[in-house]
Amino acid sequence: MLRYGRFMSRNQRLTQRRPISSDALAEAARLIRGGDAVAVPTETVYGLAADATNATAVAAIYAAKGRPSFNPLIVHVVDVAMAETIADLSPVAKALAAAFWPGPLTMVLPLRDDATIAPAVTAGLPTIALRVPNHPVMQRLIRESGRPLAAPSANRSGGISPTRAEHVIASLDGRITMVLDAGATADGLESTIIAPEAESIRLLRPGPVGAETIGRVAKLPVIASTTLEAGTAPVAPGQLDSHYAPTKPLRLDALRAEPDEYLIGIGLMPCQYNLSEDMDLREAASRLFAALHQADASSFARIAVAPIDAVGIGVAINDRLRRAAA
Ligand code: TXA
Ligand code: MG
């Protein structure tokens, strides 16, 4: 009897995978209000969302991911008005918000003194990373829970970001209560992260919103700041050299596969996984992490990836590949 009881309680800790419905959303909102972390789709990747104002809930995110506590979290809000209760938006930040929110742009902004965000969210920094996601499920969850939601990508720290509920389960099964399943995410790469400053915009992580578009809206130069200077603390995950990493060795700019390699290709080439036969970089970005997950789970010992043009979102694809290979 006792053994059976133990078995049951272990079973109950398996992660529920729930297709989107009003019931599933209401349950997710209830879990979040109760201080739990729930995996949720966004337009970029699945996030592991919890109440950003609740220190215990934020601790649950760090624990489930095994994330180092010096790496701060992105907070998701429903609109600019909610953002302004948490951070100070300069006129340039407001112009960027008007142009790109809701959408895959995260801004690192000065944290307001009266904001009620749990200190662990910002890892002690005087700034906070905010974005308004453009996914109906995440938007409804913020509204229904009535809280700003801290949400890093829903994977073990350092691993490949999840673009499908299956990826979340593969990485976090048993470590979280629920994943809301809305199928594959549209963009497939994490949001662009910028820090608007007085005379320039610092680009901390390239992503779906390109640097040129940001520069045009801000009317300021965009300065790439994705490489970490020796001895300084990392300020964005892109600045940790090894990140988004599969467990297998990864070779870049491969034109053909060695016998033990799983080849991720693009265009008309023989390969195990084609990112986009039409060489469409948006399509390639949306499929990149699924390709890496599949390659990692395959019987091949190593992974090779074909060269990808570094134009438009190709800049972000190459950034993720370089760090996956590091
Ligand atoms: O698309 C995305 O941004 C996804 C979805 C779920 O929204 N989220 C995501 O979160 O990629 P995460 O935690 O994996 O990456 C966000 C990074 C953090 O690792 C951190 O380094 C950086 O944003 N960040 C957060 N707060 C910051 C701050 N105050 N200053 C500089 N960087 C910050
Ligand atoms: Mg991440």
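Atoms within each ligand, like the ligands themselves, are counted from 1 in listed order.
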Colleague: Backbone, side chain, both or neither: what part of Met138 comes under 4.0 angstrom of ligand 1, heavy atoms only?
Modeller: neither
Colleague: The Mg ion (ligand 2) to Ser153: any N/O/S contact under 2.8 Å?
Modeller: yes
Colleague: Hey, are Glu190 and Arg131 close enough for a salt bridge, meaning a charged N less than 4.0 Å from a carboxylate O?
Modeller: no
Colleague: For Thr106 and ligand 1, does the shortest N/O to N/O distance drop below 3.5 Å?
Modeller: no
Colleague: Check whether any side-chain heavy atom of Ile74 lies under 4.5 Å from a side-chain heavy atom of Leu130, and answer yes or no.
Modeller: no
Colleague: So is Tyr46 polar-close to ligand 1, meaning N/O to N/O under 3.5 Å?
Modeller: no
Colleague: Mind checking whether His167 and His293 have parallel, tilted or perpendicular rings, split at 30° and 60°?
Modeller: parallel
Colleague: Would one find more than 12 heavy atoms of other residues, nucleotides or ligands at under 6.0 Å from atom CZ of Arg287?
Modeller: yes
Colleague: Taking N or O atoms only and a 3.5 Å limit, does Thr44 qualify as a polar contact for ligand 1?
Modeller: yes
Colleague: Measuring from atom 6 (C) of ligand 1, which candidate in Pro41, Ser191, Gly47 has the nearest non-hydrogen atom?
Modeller: Gly47
Colleague: Verify whether one side chain among Asp187 and Thr44 offers a donor that lies under 3.5 Å from an acceptor in the other.
Modeller: no
Colleague: N/O of Arg131 under 3.5 Å from N/O of ligand 1, yes or no?
Modeller: yes
Colleague: Flag His76 as yes when one of its N or O atoms lies below 3.5 Å from any N or O atom of ligand 1, and as no otherwise.
Modeller: yes
Colleague: Below a 4.0 angstrom heavy-atom separation, can you tell me which part of Thr122, side chain or backbone, both or neither, approaches ligand 1?
Modeller: neither
Colleague: At under 4.0 Å between heavy atoms, which part of Ala151 makes contact with ligand 1: side chain, backbone, both or neither?
Modeller: backbone
